[in-house]
Amino acid sequence: GQGETEEATQQGGQVSDETAEGEKTGEVELVEMDIMLDWYPNAVHSYLYVAIENGYFEEEGIDLNIQFPANPTDPINLAAAGRVTLGITYQPDVVMARANQDVPVKSIAAIVRSPLNHIVIMEDSEIQSPKDLEGKQVGYPGIPLNESLIKTMVSSDGGDPDKVSMIDVGFELGSSIISERVDAVIGAYINHEVPVLRHKGYETRYFNPVDYGVPSFYELVIVTNDNTWDERQEDIAAFWRAATRGYEFMRDNSEEALAILFDNQDQANFPLIEDVEKESLEILLPKMESEVGFGSQARESWRETVDWMMEFELINEEPSLDDIFVNIVE
Amino acid sequence: MKRWNSYFAPFILIFSFFVSWQVVAMIIAMPFILPTPLQVIAKVWDLKDILFLVHLPATLMIIVTGLALSIILGVGLAVWMNLSKTAEKAFYPILVSSQTIPIIALAPIFVLWFGYSIWSKVAVTLLITFFPITVSTFDGLRSSSKELKELLLTMGASKRDIFFKLNVPTALPYFYSGLKVAVTLSVIGAAIGEWLGAQSGLGYFSRRMMTQFDGAGVFAPIVLLSAVGISLFLAVVVLEKITLKWRKSE
Amino acid sequence: MKRWNSYFAPFILIFSFFVSWQVVAMIIAMPFILPTPLQVIAKVWDLKDILFLVHLPATLMIIVTGLALSIILGVGLAVWMNLSKTAEKAFYPILVSSQTIPIIALAPIFVLWFGYSIWSKVAVTLLITFFPITVSTFDGLRSSSKELKELLLTMGASKRDIFFKLNVPTALPYFYSGLKVAVTLSVIGAAIGEWLGAQSGLGYFSRRMMTQFDGAGVFAPIVLLSAVGISLFLAVVVLEKITLKWRKSE
Amino acid sequence: MSKASLQFENVSFSYENGHEEKEILNTLSFDVQNGEFVSIIGPSGSGKSTIFKLITGLNQPANGEIFINETNYSNRLGKVGYMPQQDLLMPWRTIIENAALPLEIQGMKKREAYDKVRELLVEFGLNGVEHKYPSELSGGMKQRISFLRTVLSGSNVLLLDEPFSSLDAITRLSMQEWLLTQWQKLKLSILFITHDVDEALFLSDRIFVFTESPVRKFVEVNVPLERPREIRDIHTPAVIEVKEQLIEQLRMGSTQ
Amino acid sequence: MSKASLQFENVSFSYENGHEEKEILNTLSFDVQNGEFVSIIGPSGSGKSTIFKLITGLNQPANGEIFINETNYSNRLGKVGYMPQQDLLMPWRTIIENAALPLEIQGMKKREAYDKVRELLVEFGLNGVEHKYPSELSGGMKQRISFLRTVLSGSNVLLLDEPFSSLDAITRLSMQEWLLTQWQKLKLSILFITHDVDEALFLSDRIFVFTESPVRKFVEVNVPLERPREIRDIHTPAVIEVKEQLIEQLRMGSTQ
Ligand SMILES: Nc1ncnc2c1ncn2[C@@H]1O[C@H](COP(=O)(O)OP(=O)(O)OP(=O)(O)O)[C@@H](O)[C@H]1O
Ligand SMILES: Nc1ncnc2c1ncn2[C@@H]1O[C@H](COP(=O)(O)OP(=O)(O)OP(=O)(O)O)[C@@H](O)[C@H]1O
Ligand SMILES: [Mg+2]
Ligand SMILES: [Mg+2]
């Protein structure tokens with residue numbers, strides 16, 4: 001991985017030079033890039049909107065086009081299909097796609113470095129720790145990863161995971177718990193569902209998977225197609241430089257960054273609640289910051305995640321760690 | 001008494017539907033799941049600018065394009081199947097299976113082919129609406145009177161004559177039956193299509209509001225969708241009345 | 001020549017459909033988005049035990065219950081609207097709007113009412129399928145011959161007689177037209193219903209496979225869904241042939 | 001014979017067609033006595049079938065009153081046996097099912113009804129067709145089924161709208177004779193529309209000749225023949241004289 | 001007059017009904033000369049309408065050959081003008097649209113076609129109904145529209161299946177006279193099914209009397225009358241003799 005990273009950075013440097021030249025003449029054509037978000041735009045994407053608004057992408061010669069997914073799996077599928085240049089998705093999904101189905105995607109950067117996906121219960125619930133879920137119903141959005149999370153957390157808490165009944169509740173995590181049709185949900189995000197529910201007057205509590213035996217996997221990573229990576233490394237590196245500037249701005253001026261997120265988009269497309277996003281960003285920032293640099297990926301994190309996924313039979317064979325991620329951060 | 005029945009009573013019934021909705025919603029008291037009609041109306045008013053100027057036109061565009069294609073393709077296929085037993089036997093199974101595939105499974109394929117252009121949404125609308133049109137039209141074409149067909153034949157009518165002068169008028173009532181189902185489905189087709197990736201449209205907006213647990217915001221665009229659906233439906237009813245004038249004198 | 005046409009040609013056409021699917025899928029070479037038919041068949045074989053013994057029965061249960069309710073309610077409503085102009089005016093708009101509401105918006109309400117029992121899935125199936133049945137049956141009931149009705153009246157026929165001896169036989173072909181659309185939709189209704197919360201069923205299984213990027217696994221249950229849809233459709237066609245025997249002699 | 005089975009008192013009727021009104025009957029009065037056989041002849045479109053629709057209760061008079069068996073029913077439907085001008089068989093019912101329709105409506109058991117129909121089918125020279133559909137029959141056969149169905153209504157007043165128009169002379173004669181026998185046996189009152197003057201003469205006690213439009217009054221002719229009659233009786237001089245008179249009236253009516 | 005407009009040579013035909021076969025014609029031969037007027041009379045269900053369906057090409061003979069204007073067409077559809085026994089008007093077309101149908105099919109312009117129809121409507125005493133729908137007409141009116149439509153086919157061979165059965169004596173006579181005029185003017189060949197012996201005598205050169213079933217051969221009667229004829233000519237002794245003979249044959253046929 002190390003060598004690749006250096007190479008990428010070098011090439012990235014060249015692109016930057018070219019762009020600088022282009023700016024002088026003022027006539028350089030921007031390179032188009034599509035990025036598919038993991039979900040609808042929210043605080044976690046502020047750095048992208050900041051980078052757009054502040055012209056960082058333009059300075060790098062990139063015309064960034066943001067798209068939203070219909071399915072949670074779209075970012076990986078469409079990045080793999082070459083339909084979008086980049087996709088934002090979840091680390092375990094990348095492992096699963098790569099290991100089970102040979103989907104040709106690789107992660108290029110880690111955005112959120114630890115799980116946001118927690119077990120959420122109502123404030124007044126009698127459940128005090130994951131083992132209390134025995135004999136209860138847990139709703140989840142149909143993603144097998146969540147089953148493994150529950151299994152790990154319940155058994156590490158001393159409970160019997162077989163006694164937990166899991167229900168695929170599709171899109172309806174929030175309403176299923178509020179209407180008390182299930183006792184807990186997993187797959188809900190502490191930076192979205194939890195503050196939104198609070199905003200609507202429902203207090204909740206949550207359990208962090210990392211506290212109950214789950215490795216601290218990267219919640220969000222950026223992926224691209226193997227081929228795209230080979231052919232457009234320079235563009236991607238340029239993208240990353242601009243994104244990093246956006247991130248730094250967001251970290252240092254979070255109020256302003258959020259303001260950009262809100263101002264930048266008309267209400268029509270962004271029915272975001274300000275309080276919620278503010279709270280969300282507070283939760284996110286520590287999870288995005290890395291000593292090694294924004295977006296850097298550690299081989300151990302991938303190792304741990306893959307091992308854990310092997311243990312819980314989410315995957316049947318180990319993917320090669322060299323294929324599955326590259327570091328574009330030095 | 002009769003006047004009362006035919007104008008007032010339905011009004012009362014529909015009104016009482018809204019009242020019971022209001023009451024049930026107030027009892028449940030979970031506005032993010034089931035908002036009251038008053039909340040929904042207030043929301044429509046709040047958001048009227050973006051709903052009417054941005055999202056409604058975007059969705060209408062999809063609906064109209066999708067329906068137009070659907071009528072052309074559906075009727076075309078029905079006619080082809082009516083003319084050729086082979087076409088019927090070959091297409092019917094494919095046609096039927098096309099309806100049994102959850103669109104969400106096809107979504108990535110549509111996006112792969114059409115990208116995030118309007119065409120992926122139109123494709124969904126098409127897929128949902130053309131089946132009722134095809135089946136009804138086909139059934140209608142089949143049900144024309146054998147006696148009249150024979151009479152036309154003895155007049156030296158060509159296949160074309162029989163088609164236009166006998167089969168088409170016979171199939172019309174069936175076609176309208178199918179079209180009524182189709183225009184209604186077209187609304188939902190467009191909404192689903194918008195989830196495949198859109199930046200505007202009523203369906204998109206509704207789902208977006210769903211992620212914010214804003215019940216009234218979810219239902220406000222849906223109310224508009226319903227209004228579009230009902231208007232299209234009524235348009236078909238009116239068209240039916242005009243073109244099937246002979247029926248009323250029967 | 002005629003035999004060839006009617007048996008062999010459709011077979012060839014369907015076959016060539018599969019061949020082109022195979023070829024296209026091989027060219028695209030993205031099995032996680034579009035698997036080849038052969039991969040899908042292999043997957044069905046691999047998973048045959050759990051598909052046929054667990055998920056298929058679960059989905060069939062929903063389909064059958066939903067369809068049965070849908071026929072009862074749809075026909076009942078059509079009859080009611082046929083008997084009473086007031087009912088027609090009151091229910092038609094509500095009926096039409098019910099079809100324009102994306103189910104996803106109603107999902108939480110269904111879950112609220114029915115929990116994660118089979119009934120929330122049945123409700124979705126019902127909601128999707130009863131509209132074509134109602135509209136077709138209603139149109140069919142309306143289209144009975146005025147002359148025959150008058151004749152029956154002169155025989156002292158009660159409303160009941162006219163209904164059973166005239167309206168029902170006249171509406172039957174229309175009803176079948178609607179039923180064909182409905183049985184096909186029932187399959188997709190059950191699949192969508194399963195997304196609202198399920199622990200088994202073909203729709204549930206397909207979606208689960210989607211999260212695993214297993215294209216063939218997504219399509220394997222869909223193939224079964226299609227097969228169910230086609231079988232139901234054929235069953236209606238056969239029923240139609242048997243009960244409308246007089247048509248062939250016309 | 002003193003009671004009237006059917007009475008029109010100043011009956012007026014118009015068809016409404018959009019904005020237009022077309023007047024068919026204008027203060028028309030007549031009666032048909034119990035056990036009487038009355039024929040109506042008149043030009044095409046003069047309103048003969050319309051009178052039947054009024055009697056059966058399918059149409060309502062704009063003015064005037066209609067009595068059936070001396071009763072002014074508010075709902076006349078089901079009170080008389082009516083054979084419409086078109087045969088109106090149900091295409092989805094076999095012959096036997098079509099013919100048994102009025103019996104079914106009266107609530108008779110299927111088996112019994114079918115036995116009764118089968119008997120008549122034989123009398124009408126139609127054995128062997130009971131399980132066919134109407135589209136497999138000839139025009140005359142369909143007409144006989146429609147006639148048979150009307151007879152089965154069991155009413156004492158029969159309205160027959162050109163019942164024998166598609167029948168050949170021989171079949172027609174045998175149907176006419178059959179009808180006369182039943183009429184006498186069951187003491188029926190019959191109102192009979194026909195275009196055949198000979199038929200009207202052979203069958204009727206009185207003949208109403210419609211000549212003007214809208215129908216206000218009409219010429220009434222008594223047939224100078226005793227019962228029972230034979231077909232050749234209509235060639236007697238007295239009858240021929242009436243016939244010529246009838247034809248003259250019809251001719252005058254149509255050139256009016 | 002030496003050429004045949006219509007020829008049957010040993011034609012056999014059966015209706016198939018599931019497993020059963022019902023034989024209607026058995027090696028039947030006849031011809032209709034150019035400009036000839038031939039009537040067919042015979043019992044209900046004997047196969048008269050079936051012969052028309054064979055000539056028009058709607059049905060195909062099992063054996064034998066059918067010539068129209070001396071040609072054995074492989075496809076006879078559209079070669080003759082055919083008026084079916086039921087009026088078969090299209091309920092969704094107005095009267096004028098119904099009548100103009102054959103002209104439309106021949107490709108005539110709408111306006112021209114309508115003018116032609118309107119002219120005939122007046123001649124047939126049907127002015128004012130052109131924009132009505134069939135359900136608003138009386139039985140006899142519908143029959144005249146159907147007749148009018150057939151005449152407009154413009155073919156030199158006309159097959160008329162009981163065209164005047166629903167018409168009153170006067171209207172019928174005027175239609176008959178109109179038909180004879182056209183027949184002579186346009187040198188038509190007409191095959192005419194009727195149940196009315198007087199009608200057959202008044203109109204025809206020859207009359208075919210069907211008596212057996214299946215039809216193998218039939219009795220052929222020449223009408224001993226010159227042209228032009230008047231209706232009262234059929235009361236001349238020679239014709240009355242033929243008429244009695246005809247009726248005798250029909251009676252024998254039906255008791256066979
Ligand atoms: N489509 C059909 N299928 C089967 N049998 C039929 C069909 N049409 C007519 N037949 C039978 O063929 C025989 C002759 O019928 P056809 O209509 O030729 O009689 P017809 O001489 O015209 O009688 P009518 O004077 O009553 O009109 C009848 O016994 C009838 O039942
Ligand atoms: N449903 C209707 N709507 C409007 N006008 C009608 C309707 N039925 C009949 N008429 C008109 O009423 C007049 C009388 O019709 P009716 O059927 O009583 O005539 P009819 O004496 O029975 O004639 P025919 O001997 O030809 O059967 C006709 O001019 C006809 O056009
Ligand atoms: Mg009449
Ligand atoms: Mg006939």
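So you know, we letter chains A, B, ... as the sequences are listed, proteins then strands, and number each from 1. What you see is a predicted model; the values in this text were computed from it and never measured.
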Would you sort out whether E:Met90 and B:Leu152 count as a side chain to side chain contact (heavy atoms under 4.5 Å, CB included), showing the intermediate values? CA-CA 11 Å; E:Met90 292 175 164; B:Leu152 282 170; 3.8 Å; yes
Measuring heavy-atom distances to chain B, does E:Leu77 have an atom under 4.5 Å in its side chain, in its backbone, in both, or in neither? both
Between E:Arg149 and chain B, with a heavy-atom cut-off of 4.5 Å, which part of the residue counts as in contact: side chain, backbone, both or neither? side chain
List for me each residue that meets side chain to side chain donor-acceptor pair (under 3.5 Å) alongside E:Asp87, sequence neighbours excluded, and say none if there are none. none
Looking at [X], I want to see if its [atom1] is surrounded by more than 12 non-hydrogen atoms of other residues, nucleotides or ligands under 6.0 Å.
X	atom1	value
E:Met108	CE	yes
B:Phe15	CZ	no
B:Phe18	CZ	no
E:Trp183	CH2	yes

How long is the straight-line distance from NZ of B:Lys165 back to CD of E:Glu104, given to the nearest 0.5 Å? 4.0 Å
Qualifying salt bridge (Lys or Arg N to Asp or Glu O under 4.0 Å) pairs with a residue from residues 56-74 of chain B, counting only residues at least two apart or across chains: none
Any salt bridge (Lys or Arg N to Asp or Glu O under 4.0 Å) involving residues 37-64 of chain E? Give me the pairs, sequence neighbours left out, ordered by first then second residue. B:Glu150-E:Lys53
Closest non-hydrogen contact found for B:Thr154 with E:Thr56 is CG2-CB, 3.6 Å
So which heavy atom on E:Ile105 is nearest to which on B:Met155, and how close? CG2-O, 3.7 Å
If we check side chain to side chain contact (heavy atoms under 4.5 Å, CB included) with E:Trp92, which of these qualifies: B:Thr170, B:Leu244, B:Thr243? B:Thr170
Which one of E:Leu88, E:Leu89, E:Asn75 has the most heavy-atom pairs closer than 4.5 Å to chain B? E:Leu88
If I measure from the heavy atoms of chain E, does B:Leu172 come under 4.5 Å with its side chain, its backbone, both, or neither? neither
So if I take each residue of residues 109-129 of chain E and look for any heavy atom under 4.5 Å from a heavy atom in chain B, which residues do I end up with? none
